[in-house]
Amino acid sequence: MPELDLDAVFIAQQNMPPQKADHSGENFRAALLPGSTVYFSIKNAHRAEDISGYRGIFEWNKGEEYVTRSRVEYCEVFDSDGKTSLGYRYVLAMGLTETSDDVIRTLRGSVRFADRASRLTPEISFTISVGNGADLGRADSIYCDSPSVKIEFGTLSDSVVINFHDFCSFEVETAGQQDIDAGCSTLPLTGIAERYRAADLRFIWWHKRPIFDHVGKMRIYPANNERYLYELKGGELFDISDCYDSEQDAFVISTRRLEGYVLSDRALSPEALIVPEPNPPTGAAA
C-alpha cells in the first residue's frame, strides 16, 4: 500500500532541483522562499497503477491559502548536496505562492497519502515559514530543463554549476552577474534537421541566448555514437569536435555566450541543402 515516507522530504527553490531536506520523523519544519515546492516522498509506489485512486489528504491549521497546488508527480530527486541523484520516484508536491513583499507567512498542518479520508496512514505534520528573508544558504548548483528559467545570481555561491537537462553543464563564476533567463530546449531545430535527415542529431539551444560576465566551462556529454559537436553562432553551424576531452569523456568549451549546440553521429557538410519530406505512398495501383 502506498504511503508517505516519513524520513524523505525534498525541497526545490530558486530553480534548484528537489533536494533532500534535513528531516526525519513525523514533524517537518523549514524556512522557505516564496514559490518553493515541497515534495513528500511516496514509498511502495513503483508504477502509476500503485497510486491509482490515492491522493494527498491535508488537515490545515493555518496558511492553506498560500498553497498553489498539491498533486502527485514522478520526478528525479537529489541528495542534500543538490548533485547526487537519488533517482526518480513518486512524490506528493505542494507548491507555495509567489510574493514580492517581506511579510513572513506561516503554513501549519499535516498531510497523509491515502485512497480515502477515513483511512489511517502515516502522517507528517509541518510548520513552514515563507518569506523573502528565509536563510537558505548559497547554492552552488542549479537545474534548468524548461524554456524559461530565471536565475538570480545573488542567491548563489561564488561559482555555480548550471545543469541543462541531463547531458550538459556550465560552470561559471557569479561575481557581478545580473539575473538572466537561462531557459533552454532540446527540441529539434527544423532548418537544421531538414538539412541532415540521414544524421542522428541531438540539440540543446537557448531561447534568450544568455551572455555571462565571466568565461565559463561548458561540458557536453555525448552518447556512444555522437562523435561530432557543432556550435550555433548566428544560426550557422561551426564544427568544434576537436574540443573533446577523453579524460572527462565530454566536449569541453570555454565560453561566455550560449546559443546552441548540435551533437551528431556523423560529419555535417556546411553545403547541405534542405531535403523535403518524402511524399507518403498514395496507395494507387500500378
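Since we're looking at a predicted model, the values are computed, not measured.
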N/O donor-acceptor pair under 3.5 Å between [X] side chain and [Y] backbone:
| X | Y | answer |
| --- | --- | --- |
| Glu259 | Gly235 | yes |
| Gln19 | Ser80 | yes |
| Ser241 | Leu229 | yes |
| Thr174 | Asp158 | yes |
| Glu3 | Thr121 | no |
| Arg71 | Gly56 | no |
| Tyr244 | Val252 | no |

Working for salt bridge (Lys or Arg N to Asp or Glu O under 4.0 Å), residues Arg266 and Glu226 = CA-CA 8 Å; Arg266 64 194 68 192; Glu226 295 171 338; over 6 Å; no

Any side-chain heavy-atom pair of [X] and [Y] under 4.5 Å:
| X | Y | result |
| --- | --- | --- |
| Arg202 | Val262 | no |
| Phe170 | Cys168 | no |
| Ile204 | Phe164 | yes |
| Pro222 | Phe251 | yes |
| Thr68 | Leu96 | no |

Pair Phe58 and Trp60, ring centroids less than 6.0 Å apart |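 Between Trp60 and Phe58, which both carry aromatic rings, the centre distance is below 6.0 Å.
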
Within the 6.0 Å centroid threshold, strictly below: Tyr90 and Tyr74 |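 Yes - the distance between ring centres of Tyr90 and Tyr74 falls below the 6.0 Å cut-off.
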
Scan Asn44, Val72, Asp5, Ile57 and name whichever one has a side-chain contact (heavy atoms from CB on, under 4.5 Å) with Phe113.
->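 The residue from Asn44, Val72, Asp5, Ile57 that satisfies side-chain contact (heavy atoms from CB on, under 4.5 Å) with Phe113 turns out to be Val72.
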
Using the six-membered ring of Phe212, assess whether NZ or CZ of Arg256 lies under 6.0 Å from its centre and within 45 degrees of the ring axis.
->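 Not flagged: Arg256 not positioned over aromatic ring of Phe212.
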
Side chain to side chain donor-acceptor pair (under 3.5 Å) with [X]: which residues, sequence neighbours excluded?
| X | result |
| --- | --- |
| Ser100 | none |
| Thr84 | Asp81 |
| Asp50 | Arg47 |
| Asn225 | Asp200 |

Are [X] and [Y] ion-paired here, with the side-chain N under 4.0 Å from a carboxylate O?
| X | Y | answer |
| --- | --- | --- |
| Arg119 | Asp115 | yes |
| Glu76 | Arg89 | no |
| Glu171 | Lys217 | no |

For Asp181 and Ser148, run side-chain hydrogen bond (donor to acceptor under 3.5 Å, both in side chains): C-alpha distance rounded to whole Å, both residues' side-chain angles, the deciding distance at 0.1 Å, then the answer.
-> CA-CA 6 Å; Asp181 188 337; Ser148 180; 3.0 Å; yes

What pairs with Thr127 under side chain to side chain contact (heavy atoms under 4.5 Å, CB included), at least two apart in sequence or on another chain?
->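 Listed in chain order: Arg29, Thr106, Arg108.
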
Solution key, residues 183-192 side-chain donor-acceptor pairs under 3.5 Å, sequence neighbours excluded:
from   : atom 1 : to     : atom 2 : distance (Å)
Ser185 : OG     : Leu187 : N      : 3.1

Near Gln178 CD, under 6.0 Å, is it more than 12 heavy atoms from other residues, nucleotides or ligands?
->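 Not more than 12 within 6.0 Å, no.
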
Can you establish whether the number of heavy atoms outside Glu59 located under 6.0 Å from its atom CD is more than 12?
->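 Atom CD in Glu59 is not packed in, count stays at 12 or less.
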
In sequence, state the C-alpha distance, the side-chain angles, and the governing distance for Tyr230 and Tyr261, and then conclude on ring-ring contact (aromatic ring centres under 6.0 Å, His included).
-> CA-CA 6 Å; Tyr230 294 83; Tyr261 298 94; over 10 Å; no

